[in-house]
Each structure stands twice: as structure tokens, then as C-alpha cells.
Amino acid sequence: MIPESEFVKAIKKFRVAPDLFFKHVLGVETLEDYQIHSILRPIAKYSRVSISATHSISKTFTLGRVPLWFLSCYKNSKVITTAPTYRQVVKLLWGELREAH
């Protein structure tokens with residue numbers, strides 16, 4: 001078991017750098033620069049983030065894992081997930097969330 005002080009240090013790092021959580025906790029081996037600098041780090045820094053991007057660049061993959069990062073880093077937190085359609089939430093976003101979990 002990790003000593004609490006090491007655990008607290010890790011959580012503090014993960015809060016500002018979700019990409020480290022993705023790599024070290026979720027086992028995501030490769031993240032593109034845009035995933036880190038246009039999605040993950042802004043989500044950690046700002047309360048509102050808008051992501052404008054083309055199709056098939058791993059937005060759903062990335063955002064399907066963000067709730068796991070947030071729930072792990074912030075005690076007593078809740079995450080609300082949304083998408084333009086019910087199908088996109090249930091099949092796509094939650095599908096990625098289930099796969100990562």
C-alpha cells in the first residue's frame with residue numbers, strides 16, 4: 001500500500017495534469033499533443049472548456065475517461081455527462097467510460 005503522503009502527492013499532480021492520471025492509472029499508453037493541450041490540461045485548469053474538433057480524433061475516448069480522473073482526484077465529487085443525443089451519451093460516452101473502468 002502507498003503511504004498516504006505519496007498518495008496525496010500523486011493526487012495533487014493528477015489534478016493539474018490529467019494526462020499523467022491517464023497514463024499511470026488508466027494505462028493509456030499514447031496521448032496526442034492535442035488531447036493533452038487542448039482537452040485535458042484546459043479541463044484541469046478552467047471551469048468551462050469548449051472543444052471544437054473534427055470527427056474521429058478521440059474526443060469521445062478522451063472525454064469518456066475524464067469522469068474517472070475527476071472522481072478520483074476530488075473527494076465527494078459528482079460528474080454530469082452530456083452529449084447532443086441520448087445515444088451518444090449512453091452508447092458512445094458511457095461505453096468509453098465502462099471500457100476505461
Side-chain angles (χ1 to χ4, degrees):
M1 192 164 155
I2 300 172
E4 186 174 342
S5 61
E6 291 299 315
F7 178 77
V8 171
K9 285 180 192 176
I11 292 297
K12 286 181 181 180
K13 282 184 184 179
F14 294 153
R15 281 183 178 179
V16 296
D19 50 294
L20 297 178
F21 179 86
F22 274 46
K23 290 178 184 177
H24 298 292
V25 177
L26 300 180
V28 175
E29 294 180 15
T30 305
L31 289 169
E32 300 292 333
D33 282 342
Y34 75 86
Q35 289 171 295
I36 297 168
H37 300 292
S38 298
I39 299 175
L40 297 174
R41 296 280 174 103
I43 285 174
K45 186 175 182 180
Y46 303 107
S47 61
R48 292 182 181 212
V49 175
S50 176
I51 301 163
S52 177
T54 187
H55 298 288
S56 301
I57 63 162
S58 301
K59 290 185 305 292
T60 305
F61 172 89
T62 305
L63 294 173
R65 284 150 178 80
V66 167
L68 297 174
W69 160 74
F70 195 86
L71 292 167
S72 297
C73 290
Y74 295 95
K75 188 176 180 179
N76 299 321
S77 59
K78 294 181 183 181
V79 175
I80 298 170
T81 57
T82 188
T85 68
Y86 178 79
R87 180 192 160 281
Q88 288 172 315
V89 173
V90 174
K91 298 287 185 188
L92 303 177
L93 188 61
W94 290 354
E96 289 292 345
L97 182 65
R98 276 191 300 276
E99 183 179 312
H101 183 262

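Index from 1, following the sequence. Keep in mind the model is a prediction, meaning the values are calculated, not measured.
- Within the model, atoms OG of Ser38 and CG of Asp33 stand 9.0 Å from one another, a figure rounded to the nearest 0.5 Å.
- Distance check: Gln88 CD to Thr81 OG1 gives 12.0 Å after rounding to the nearest 0.5 Å.
- Put simply, the side chain of Ser58 does not reach to within 4.5 Å of the side chain of Glu32, judged on heavy atoms.
- Scanning both residues, Pro42 and Ile36, for their nearest heavy atoms gives CD-O, 3.8 Å.
- Here the side chains of Ile51 and Thr62 are not in contact, with every heavy-atom distance at 4.5 Å or above.
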Which side-chain N or O atoms in residues 13-27 pair as donor and acceptor under 3.5 Å with protein atoms at least two apart or in another chain?
| residue | atom | partner | partner atom | Å |
| --- | --- | --- | --- | --- |
| Arg15 | NE | Cys73 | O | 2.7 |
| Arg15 | NH2 | Cys73 | O | 2.8 |
| Asp19 | OD1 | Arg41 | NE | 2.7 |
| Asp19 | OD1 | Arg41 | NH2 | 3.2 |
| Asp19 | OD2 | Arg41 | NH2 | 3.1 |

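- A search for salt bridge (Lys or Arg N to Asp or Glu O under 4.0 Å) contacts involving Glu99 returns Arg65, not counting sequence neighbours.
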Dump the intermediate steps for side-chain contact (heavy atoms from CB on, under 4.5 Å) on Val66 and Leu97, then the final yes or no. CA-CA 8 Å; Val66 167; Leu97 182 65; over 6 Å; no
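- By the ring pair (Phe, Tyr, Trp, His ring centres under 6.0 Å) test, Phe61 is found to be paired with no residue, residues two or more places apart in sequence or in another chain being considered.
- Residues Arg87 and Leu92 form a side-chain contact, since some pair of their non-hydrogen atoms from C-beta on lies under 4.5 Å apart.
- Leu68 and Val90 fall within the same hydrophobic cluster, defined by Ile, Leu, Val, Met, Phe, Trp and Tyr side-chain heavy atoms under 4.5 Å apart, directly or through other members.
- Ile43 places a side-chain heavy atom less than 4.5 Å from the side chain of Leu63.
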